[in-house]
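Structure first, then comments.
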Amino acid sequence: GFSLHPASRNAAVLGELLSQVAAWMGAHGVQTLHSHVLKGNAASLALHRKLGFAVQQENERALAFSADRAALLAHPAVRRAALRAAELGA
């Protein structure tokens with residue numbers, strides 16, 4: 001797991017992070033990303049929903065989310081980061 005410093009929680013940083021995660025997923029044949037979030041973490045819950053993660057399970061303490069690689073790559077912030085990375089690598 002990982003967490004981000006509050007000062008780094010913005011669309012550009014998250015897009016870059018998820019672009020790299022999606023690239024890693026592709027390189028390693030991983031199709032689905034899973035995440036668990038405590039119910040008290042409102043910011044993370046909102047972010048997961050905004051990024052298109054789907055709730056797979058829920059209990060009194062937490063939610064289990066999943067998102068496939070294609071859904072992550074379809075998010076505008078992730079697409080922008082992937083394009084920037086391609087431009088830098090070209």
Can you tell me how far apart [atom1] ([X]) and [atom2] ([Y]) are? Round to the nearest 0.5 Å.
{"X": "Ser19", "Y": "Arg84", "atom1": "OG", "atom2": "CZ", "result": "8.5 Å"}
{"X": "Arg69", "Y": "Trp24", "atom1": "CZ", "atom2": "CH2", "result": "11.5 Å"}
{"X": "His75", "Y": "Leu14", "atom1": "NE2", "atom2": "CG", "result": "9.0 Å"}
{"X": "Thr32", "Y": "Gln56", "atom1": "OG1", "atom2": "CD", "result": "8.5 Å"}
{"X": "Gln57", "Y": "Ser66", "atom1": "CD", "atom2": "OG", "result": "10.0 Å"}
{"X": "Phe53", "Y": "Leu45", "atom1": "CZ", "atom2": "CG", "result": "12.0 Å"}

**Message:** Under a 3.5 Å distance rule, please check whether His28 uses its side chain to pair with a backbone N or O of Val30 as donor and acceptor.
**Reply:** no
**Pairwise side-chain contact, Arg49 with Leu63, heavy-atom cut-off 4.5 Å (strictly under)** = yes
**Prompt:** Heavy atoms, side chains only, cut-off 4.5 Å: are Val13 and Arg9 in contact?
**Reply:** no
Taking only distance into account, with no hydrogens and no angle test, what donor-acceptor pairs under 3.5 Å do side-chain atoms of residues 36-43 form with protein atoms, sequence neighbours excluded?
from	atom 1	to	atom 2	distance (Å)
Lys39	NZ	Glu58	OE2	2.9
Lys39	NZ	Asn59	O	2.8
Asn41	OD1	Ser44	N	3.2

**Message:** Going by side chain to side chain donor-acceptor pair (under 3.5 Å), name the residues that satisfy it together with Ser8, two or more places apart in sequence or in a different chain.
**Reply:** none
**Message:** Run the side-chain contact (heavy atoms from CB on, under 4.5 Å) test on Leu72 and Met25 for me, step by step, so that the C-alpha distance in whole Å, both residues' side-chain angles and the decisive distance to 0.1 Å come before the verdict.
**Reply:** CA-CA 11 Å; Leu72 292 175; Met25 291 170 73; 4.0 Å; yes
